[in-house]
Amino acid sequence: MVSRIGILTGGGDCPGLNAAIRAVVRRADQANVLTFGFRAGWKGVLDLEVDQLTLSTTRGLLHRGGTILGTSRVDPYREPNGVERIREALEVHRLDGLVVIGGEGTLSAATRLTEEGIPIVGIPKTIDNDVAATELTIGFLTAVRTATEAVDRLHSTAESHNRVMVLEVMGRHAGWIATYSGMAGGADAILIPEVPFDIDAVGRHLKHRAGSGRDFSIVVVAEGALPLDGTLEIEEPPKDEFGRPRLGGIGHAIAHEIETRTGFPARVTILGHVQRGGSPTAMDRVLATQMGVKAAELAIDSRWGQMTAFQNHAVVPVPLAEATARLKTVPASLYHVAETFFG
Ligand code: F6P
């Protein structure tokens with residue numbers, strides 16, 4: 001019988017993590033299962049940094065952004081004896097298993113660990129919304145709200161100055177935030193990693209708009225958007241401490257090229273980590289709560305190797321391996337709808 005579980009948050013933070021932690025602790029407590037929170041993702045498991053979480057230490061968390069546990073991008077498969085140290089952590093703290101709240105990187109490690117016999121239940125979170133098998137990840141809808149508000153604000157100033165406003169949003173491999181906020185805010189072009197862009201076509205479209213009396217434009221670009229082969233040189237981004245490209249800045253290149261091609265003045269806003277901060281929307285709080293409760297129930301029932309997924313308005317278990325087998329990108333049908341307004 002399960003009596004003690006661990007919990008961690010890994011990868012980039014996002015709004016809604018605390019609501020998920022609160023829900024896991026609350027549901028586990030109902031079943032007399034104790035919950036132990038590891039500090040800073042897998043790092044805390046490897047270094048045995050852990051504190052017991054109780055109803056009183058997880059009160060008042062629903063509306064709070066960030067994660068009370070802290071997070072990191074440490075990957076146990078890149079650390080010396082990572083898997084053995086995780087097994088040891090479970091033994092030392094007499095844990096029956098782990099609830100792992102993470103995005104694609106953290107959940108991929110969780111899938112491999114599960115295959116090696118480590119009992120894990122996953123909860124998907126990332127503002128990028130690119131985890132497969134779930135229609136939504138925790139944090140995405142709050143980031144969309146923030147980005148949409150930015151588009152709305154840029155609209156009025158763009159209109160006053162007759163400018164092109166380029167808004168760069170996050171989205172490393174998938175353009176979910178760009179597509180949703182661009183559609184919601186009525187952007188005049190949306191550039192995403194899934195659809196390589198033609199900067200000449202963007203310039204022509206903005207000129208055409210101006211020709212029909214619209215003297216300002218909004219372009220929303222995902223940080224991971226790529227030009228069509230051979231059409232535009234984009235500088236290689238520097239690497240972060242984990243060897244991943246540190247994205248952010250493509251908006252400048254796009255604004256420069258638009259100015260050169262159209263002669264219209266352009267300005268750039270890089271929204272950056274503002275999208276990851278702040279209080280979660282009501283929907284993210286509800287999603288995180290549903291997922292937290294379901295994850296606790298899966299752990300209580302020893303149904304390891306599963307991830308909570310939002311499908312058809314319900315939270316259901318799916319195999320972790322299914323969720324991490326591929327990335328969930330923006331479908332052509334959705335982008336087609338967006339394009340109706342700028343294509
Ligand atoms: O993985 C989510 C994400 O928000 C990406 O869109 C972005 O590239 C990345 O995190 C940036 O993360 P950090 O600056 O924390 O390394």
* Just by distance, do the side chain of Glu79 and the backbone of Leu46 share a donor-acceptor pair under 3.5 Å? -> no
* Aromatic plane relationship, His313 with Phe310 - under 30° parallel, 30 to 60° tilted, over 60° perpendicular -> perpendicular
* Say whether, by atom type as modelled, one donor and one acceptor occur between the side chain of Glu135 and the main chain of Asn312 under 3.5 angstrom. => yes
* Report yes or no: does Arg27 contribute a side-chain atom to a donor-acceptor pair with the main-chain N or O of Gly292 at less than 3.5 Å? => no
* Within 45° of the axis and under 6.0 Å from the centre of the six-membered ring of Phe216, does NZ or CZ of Arg209 qualify? -> yes
* Does any N or O in the side chain of His205 come within less than 3.5 Å of the main-chain N or O of Phe342, such that one atom is a donor and the other an acceptor? -> yes
* Asked: Can Asp13 and Arg276 be said to form a salt bridge (charged side-chain N to carboxylate O under 4.0 Å, His left out), step by step?
  -> CA-CA 7 Å; Asp13 73 338; Arg276 293 232 303 251; 2.9 Å; yes
* **Arg87 side-chain N/O to Ile118 backbone N/O, donor-acceptor pair under 3.5 Å** => no
* Asked: Between the main-chain N or O of Gly10 and the side-chain N or O of Lys125, is there a donor-acceptor pair closer than 3.5 Å?
  -> yes
* **Donor-acceptor contact below 3.5 Å, side chain Asp240 vs main chain Arg244** => yes
* Taking Asp188 for its side chain and Ile218 for its backbone only, find out whether a donor-acceptor pair lies under 3.5 Å. => yes
* Asked: Between Thr57 and Thr54, does any side-chain donor sit less than 3.5 Å from a side-chain acceptor?
  -> yes
* **Side-chain donor or acceptor of Thr71 paired with backbone N/O of Thr9 under 3.5 Å** => yes
* Any donor-acceptor N/O pair, Ser72 side chain to Ala40 backbone, under 3.5 Å -> yes
* So with a 6.0 Å cut-off around CZ of Arg303, is the heavy-atom count from everything else above 12? -> no
